[in-house]
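Report on one structure; see the data block that follows.
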Amino acid sequence: MIDYPGAINKDMLFWIWLKNPLAQGRYTYHGKAYDLKDIRSSLLVVAGSEDKMVTADAVKPLMTLTSSQDVQFEMAPGGHLGLMCSKGSAEKFWPNLTKWLEERSIPK
């Protein structure tokens, strides 16, 4: 985080971490209000088994803040960035994600 400009760190600390509007399922961005209850699509909530920044306990509430009837939670190997680029994620999480998407996709 040290490489980020100070204003980004300040905004993130105040608006995301301290005020934590997503805990109530609402967020305002550039003057427009967003409500997670407006999300009706299928939702896959994923947490990294070694993630110390955004823990499983931090992301699990997302499962109840939307209007989706198709919600699934999955633990993936790795930490915060490891979800996207680790060998364990490539071998375990990405195939599961592919299957999850295939089951919810309409073939052309």
Side-chain angles (χ1 to χ4, degrees):
M1 296 289 288
I2 199 161
D3 292 335
Y4 283 98
I8 292 173
N9 278 331
K10 178 184 168 194
D11 282 353
M12 192 177 333
L13 178 67
F14 184 73
W15 293 109
I16 303 297
W17 293 338
L18 295 177
K19 292 194 73 89
N20 195 13
L22 288 177
Q24 287 74 44
R26 294 180 199 90
Y27 190 75
T28 301
Y29 182 71
H30 287 285
K32 183 172 180 187
Y34 297 92
D35 193 325
L36 296 181
K37 283 292 181 196
D38 293 337
I39 297 173
R40 293 174 182 81
S41 61
S42 297
L43 179 64
L44 177 62
V45 178
V46 181
S49 61
E50 303 300 318
D51 195 339
K52 305 296 185 226
M53 289 180 66
V54 184
T55 64
D57 288 339
V59 300
K60 281 183 179 177
L62 289 172
M63 298 174 64
T64 61
L65 294 173
T66 71
S67 295
S68 176
Q69 299 299 305
D70 177 22
V71 181
Q72 182 177 327
F73 176 80
E74 184 173 330
M75 290 295 293
H80 197 67
L81 291 176
L83 286 173
M84 302 304 291
C85 59
S86 71
K87 180 179 179 186
S89 186
E91 292 173 348
K92 295 178 183 166
F93 171 65
W94 287 104
N96 290 346
L97 175 60
T98 300
K99 181 179 182 229
W100 187 87
L101 288 169
E102 285 173 344
E103 290 171 352
R104 289 156 181 84
S105 297
I106 300 170
K108 290 186 177 185

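The shown structure was predicted, so the numbers you read here are calculated from the model rather than taken from an experiment.
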Looking at [atom1] of [X] and [atom2] of [Y], how far apart are the two atoms once the value is rounded to the nearest 0.5 Å?
| X | Y | atom1 | atom2 | value |
| --- | --- | --- | --- | --- |
| His80 | Glu50 | NE2 | CD | 14.5 Å |
| Ile39 | Ser67 | CD1 | OG | 8.5 Å |
| Leu65 | Gln24 | CG | CD | 8.5 Å |

Please confirm whether the backbone N or O of [Y] pairs with a side-chain atom of [X], one donor and one acceptor, at under 3.5 Å?
| X | Y | result |
| --- | --- | --- |
| Arg104 | Glu102 | no |
| Asn96 | Lys92 | yes |
| Thr55 | Ala58 | yes |
| Ser68 | Ser41 | yes |
| Arg26 | Leu22 | no |
| Thr64 | Pro61 | yes |
| Asp51 | Val54 | yes |
| Ser105 | Leu101 | yes |

- Message: When you compare the side chain of Ser86 with that of Phe93, does any pair of heavy atoms fall below 4.5 Å?
- Response: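 No. Closest side-chain heavy atoms not under 4.5 Å.
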
- Validation row: Phe73, Val59 side chains within 4.5 angstrom (heavy atoms): yes

- Task: Dump the intermediate steps for side-chain contact (heavy atoms from CB on, under 4.5 Å) on Leu43 and Gln72, then the final yes or no.
- Result: CA-CA 6 Å; Leu43 179 64; Gln72 182 177 327; over 6 Å; no

So does [X] have more than 12 non-hydrogen atoms from other groups sitting under 6.0 Å from [atom1]?
| X | atom1 | answer |
| --- | --- | --- |
| Met63 | CE | yes |
| Lys37 | NZ | yes |
| Glu103 | CD | yes |

Mind listing the closest non-hydrogen atom pair of [X] and [Y] along with its distance?
| X | Y | result |
| --- | --- | --- |
| Ser89 | Pro77 | N-CG, 3.7 Å |
| Met75 | Ser49 | CE-CA, 3.4 Å |
| Asp70 | Ser42 | OD2-OG, 2.7 Å |

- Item | ILVMFWY cluster, Leu36 and Leu44 together (side-chain gap under 4.5 Å) | no

- Transitively linked via ILVMFWY side-chain contacts under 4.5 Å: Val46 with Val71? no

- Query: For Lys99 and Trp94, what are the C-alpha separation, side-chain angles and deciding distance, and is it a side-chain contact (heavy atoms from CB on, under 4.5 Å)?
  - Reply: CA-CA 9 Å; Lys99 181 179 182 229; Trp94 287 104; over 6 Å; no

